[in-house]
Amino acid sequence: QVQLVESGGGLVQAGDSLTLSCAASGRAFSSYAMGWFRQAPGKEREFVAAITWSGGRYYKESVKGRFTISRDNAKNTVYLQMNSLKPEDTAVYYCTADRGDSGTYSNIRLMGRYDYWGQGTQVTVSS
C-alpha cells in the first residue's frame, strides 16, 4: 500500500499563492504518475494537474498558466504550486498516485486511472 501525506493547504486571499506538497511512501515513486484533483462543496471531484514518471505535465485548462506541478524523486514528493489564486479555486485538494504508469495518457484526467489517494487538504481563497 502506498501512503500519501499532503500538506500546505490554508486560507489565503485572492491573488495569493500556495504550494501544496504530497509525500509518498515506497521505493518506486519515480515510476509513478502523480496527480492532483480537487472537490468543491456540492461539486464533483475534478482533475487539476498530473505529472508522469518521465516528467510530462497535464493541466485543467482553467489553471494552466497559474498552477505548476512538479516532482522531486529524491524526496518522494510531488508539488502543486498555485499562483494568482481565485475564489473558484476553493476546494479540498487530493493527491493521487498511479503505481503502474503504463505510459499511455489518454486517461490521465480520469479518477479511475489512479490507485492511491491522500486524505485531502483544504484550500480556501477569500474574495
Side-chain angles (χ1 to χ4, degrees):
Q1 183 179 10
V2 174
Q3 301 285 343
L4 304 176
V5 180
E6 299 151 308
S7 62
L11 193 157
V12 298
Q13 295 180 324
D16 284 354
S17 298
L18 277 176
T19 298
L20 306 182
S21 299
C22 175
S25 65
R27 295 183 178 182
F29 176 82
S30 63
S31 69
Y32 301 165
M34 302 293 298
W36 291 93
F37 286 70
R38 68 187 184 188
Q39 188 168 20
K43 302 292 185 179
E44 297 293 325
R45 191 174 298 187
E46 65 179 5
F47 171 82
V48 178
I51 185 166
T52 70
W53 72 270
S54 60
R57 293 170 171 85
Y58 300 82
Y59 296 98
K60 184 181 191 299
E61 287 299 319
S62 65
V63 309
K64 189 174 182 179
R66 298 190 296 122
F67 292 9
T68 302
I69 188 169
S70 62
R71 65 193 300 160
D72 185 341
N73 290 341
K75 296 181 178 179
N76 276 22
T77 301
V78 63
Y79 304 94
L80 185 67
Q81 181 178 322
M82 304 184 292
N83 297 327
S84 302
L85 283 162
K86 304 175 181 179
E88 51 263 46
D89 296 318
T90 295
V92 177
Y93 283 70
Y94 296 91
C95 177
T96 188
D98 169 20
R99 189 179 70 175
D101 194 349
S102 65
T104 61
Y105 301 112
S106 63
N107 63 349
I108 197 72
R109 294 173 172 83
L110 302 181
M111 289 178 56
R113 179 189 180 95
Y114 298 92
D115 300 301
Y116 307 103
W117 294 84
Q119 80 285 354
T121 186
Q122 178 71 48
V123 173
T124 302
V125 184
S126 63
S127 61

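All values reported here derive from a predicted model rather than from experimental measurement.
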Which atom of [X] lies closest to which atom of [Y], heavy atoms considered:
{"X": "G8", "Y": "L18", "result": "O-CD2, 3.6 Å"}
{"X": "E46", "Y": "K60", "result": "OE1-CE, 3.1 Å"}
{"X": "V125", "Y": "T90", "result": "N-OG1, 2.9 Å"}
{"X": "S30", "Y": "N73", "result": "CB-ND2, 3.6 Å"}
{"X": "M82", "Y": "L20", "result": "CE-CG, 3.7 Å"}
{"X": "R45", "Y": "Y94", "result": "NH2-CZ, 3.5 Å"}

Reported [atom1]-to-[atom2] distance for the pair [X] and [Y], which is rounded to 0.5 angstrom:
{"X": "S126", "Y": "Q13", "atom1": "OG", "atom2": "CD", "value": "5.0 Å"}
{"X": "S25", "Y": "L4", "atom1": "OG", "atom2": "CG", "value": "7.0 Å"}
{"X": "I69", "Y": "C22", "atom1": "CD1", "atom2": "SG", "value": "9.5 Å"}
{"X": "L80", "Y": "T68", "atom1": "CG", "atom2": "OG1", "value": "8.0 Å"}
{"X": "S70", "Y": "M34", "atom1": "OG", "atom2": "CE", "value": "11.5 Å"}
{"X": "I108", "Y": "F47", "atom1": "CD1", "atom2": "CZ", "value": "6.5 Å"}

Here's a test for you: under ring pair (Phe, Tyr, Trp, His ring centres under 6.0 Å), which of Y93, W36, F37 qualifies with W117?
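The option that passes is F37.
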Worked check of side chain to side chain contact (heavy atoms under 4.5 Å, CB included) between Y32 and V2:
CA-CA 11 Å; Y32 301 165; V2 174; 3.4 Å; yes
Is there a path of hydrophobic side-chain contacts, each under 4.5 Å between heavy atoms of I, L, V, M, F, W or Y residues, that connects [X] with [Y]?
{"X": "V48", "Y": "Y116", "result": "yes"}
{"X": "Y58", "Y": "V63", "result": "no"}
{"X": "F29", "Y": "Y114", "result": "no"}

Is there a donor-acceptor contact under 3.5 Å from the side chain of [X] to the main chain of [Y]?
{"X": "R113", "Y": "N107", "value": "no"}
{"X": "D101", "Y": "D98", "value": "no"}
{"X": "R71", "Y": "A33", "value": "no"}
{"X": "Q122", "Y": "G9", "value": "no"}
{"X": "D72", "Y": "T77", "value": "no"}

If you define the side chain from C-beta out and look only at heavy atoms, does anything of R38 sit under 4.5 Å from V123?
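A side-chain contact is absent here, since even the closest heavy-atom pair is not under 4.5 Å.
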Does M111 reach the side chain of T96, with side-chain heavy atoms less than 4.5 Å apart?
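Contact flag for M111/T96 side chains = no.
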Establish, for the pair R57 and F67, whether the NZ or CZ atom is under 6.0 angstrom from the six-membered ring centre and no further than 45 degrees off its axis.
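Geometry flag: not set, cation outside 6.0 Å or 45°.
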